[in-house]
Participant: 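My questions will all concern the structure given below.
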Amino acid sequence: MESLEQIKARIEAVIPGAKIDIVPNPGPANQRSLLIDNDHAPAIAKFLRDDPTLCLDFCSNVTGIDWLDRTVKKTAKIKKIVEGIEQEVDQITEEKIPGYLEAVYHLYSITHKHGPVIIRMRTADRAEAARVPSLTPLWRSAEFQEREIFDLYGIRFDQHPDLRRILMWDEFEDHPMRKDYREPDDYEWEPTPHDDVVEKAKQHYPQRPAEEKLKPS
Amino acid sequence: MTEIDETLRRELQRQGVWVTKMQDLYNWGRQNSIWPLQFGLACCAIEMIATAASRYDIARFGGEVFRPSPRQADLMIVAGTVTKKMAPQIVRLYNQMADPKYVIAMGACAISGGPFKQGYNVLKGIDRYIPVDVYIPGCPPRPEALLHAFMELQRKIDSQKLTGAEKAMHLDPKQPSEFPVPKFGEHDLEPPANPDVFQPPKLERV
């Protein structure tokens with residue numbers, strides 16, 4: 001299969017104005033992915049599916065990712081004159097990245113037996129503008145998984161034929177897979193609490209009062 | 001009338017006179033033909049099916065007739081994970097069953113939420129909404145455990161009184177036969193538990 005750079009170059013040649021970034025993956029899997037812009041996403045996806053050499057006719061998996069607001073610290077060495085002597089000093093710059101949601105598609109080709117090519121789409125923010133174009137018109141297998149992402153992450157998919165909640169009930173308002181989701185507080189006592197459950201238990205039950213120190217007789 | 005003396009009853013039986021009580025006859029009949037409601041929720045249902053099949057054969061205890069309608073069932077085996085989305089339907093099915101009715105909570109999920117207890121979408125025990133007669137721990141419990149629960153339920157039915165202050169729940173008009181169905185709320189089921197049926201355990205410092 002072609003490399004992502006080659007795919008990117010071919011898409012940019014065919015679809016003018018398409019903005020594509022290659023997202024690196026520092027993990028051991030090293031699976032890089034294509035970040036495509038929302039305006040051209042249906043056209044890019046159609047190209048990936050219909051191009052005879054790629055022919056990515058099978059969308060095996062659609063996932064959501066929640067990225068919270070974060071600050072990235074960068075250290076750069078700059079030369080500065082301190083007390084008349086030129087020295088190298090670390091300068092720390094902080095960059096604030098507002099939060100967004102991502103939808104990730106894993107595409108394979110049944111015809112050519114290759115893949116996966118991973119494409120991502122990003123929403124503008126985590127609230128009103130959390131929407132991306134649906135790829136269900138191209139891959140029917142994405143229908144339920146996009147509904148699941150809508151249910152659990154709250155990404156709205158434009159042009160989805162039937163965008164309803166799929167796992168939680170219709171009256172439910174939260175998105176449980178978001179990182180800032182807090183489940184309803186219905187803790188009940190259990191004998192062996194651990195990790196998060198210990199924290200919950202501490203909130204619900206007062207600490208055992210410290211026993212009075214025994215005076216040495 | 002006082003209760004008949006046990007030695008006298010045996011003596012009469014030896015002479016061919018069989019004396020019994022209405023209560024014993026009634027309970028004997030009921031405990032040996034408990035018809036469970038035919039529904040399963042998760043992997044526990046597979047064990048329940050195995051219990052009904054030939055190897056474990058729940059028919060030996062009179063429970064082989066799994067009814068597809070709650071109107072014809074005596075026993076609800078809550079076999080598996082009760083999600084919050086499913087809980088109102090379970091309560092509604094229980095309400096549709098005719099008295100006398102019994103509930104077995106089968107497996108860790110049905111009795112407490114099990115491995116999903118800390119999650120957002122699983123009910124932390126069906127006993128939050130309906131009264132449970134027998135609890136079976138296990139994940140999933142073996143068919144023998146379900147048979148054991150079934151026999152425990154038979155013992156419970158056998159000991160039920162027809163009259164008096166301690167008479168069975170279904171014979172007391174003051175006792176509820178139906179329980180409120182929880183509603184789908186914006187964040188959780190409403191109410192999250194029925195306080196008439198379920199009170200969370202309290203921690204007491206000693």
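Sequence lines set the chain letters: A, B, ... in the order given, protein chains first and strands last, and positions in each chain run from 1.
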Participant: Side chain, backbone, both or neither: which part of B:K183 has a non-hydrogen atom closer than 4.5 Å to chain A?
Facilitator: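 The answer is neither part of B:K183.
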Participant: For A:Y181, does the OH atom have more than 12 heavy-atom neighbours from other residues, nucleotides or ligands under 6.0 Å away?
Facilitator: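 Atom OH in A:Y181 is crowded, with more than 12 foreign heavy atoms closer than 6.0 Å.
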Participant: Looking only at heavy atoms, which of residues 165-178 of chain A get nearer than 4.5 Å to chain B?
Facilitator: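 At a heavy-atom separation under 4.5 Å, chain B is reached by A:I166, A:L167, A:M168, A:W169, A:E171, A:F172, A:E173, A:D174, A:P176.
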Participant: If you check every heavy atom in residues 192-203 of chain A against those of chain B, which residues fall under 4.5 Å?
Facilitator: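 Expected list: A:V197, A:K200.
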Participant: Is it the case that over 12 heavy atoms from other parts of the model lie below 6.0 angstrom from the CZ atom of A:R70?
Facilitator: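 Check passes, neighbour count above 12.
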Participant: In terms of heavy-atom contacts, does NZ of A:K179 have more than 12 from other residues, nucleotides or ligands at under 6.0 Å?
Facilitator: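 For A:K179, atom NZ is crowded (more than 12 foreign heavy atoms under 6.0 Å).
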Participant: Is it the case that atom CD in A:E5 sees more than 12 heavy atoms from other parts of the structure closer than 6.0 Å?
Facilitator: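 For A:E5, atom CD is crowded (more than 12 foreign heavy atoms under 6.0 Å).
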Participant: Crowded around A:H112 NE2? As in, over 12 foreign heavy atoms under 6.0 Å?
Facilitator: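 More than 12 heavy atoms, drawn from other residues, nucleotides or ligands, come within 6.0 Å of this atom.
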Participant: Can you see which heavy atom on B:H187 is nearest to which on A:P184, and at what distance?
Facilitator: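 So the minimum-distance heavy-atom pair works out to O-CG, 3.7 Å.
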Participant: Can you confirm whether more than 12 heavy atoms, excluding those of B:E166, are under 6.0 Å from its CD atom?
Facilitator: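 No, CD of B:E166 has 12 or fewer neighbouring heavy atoms, counting only those of other groups under 6.0 Å.
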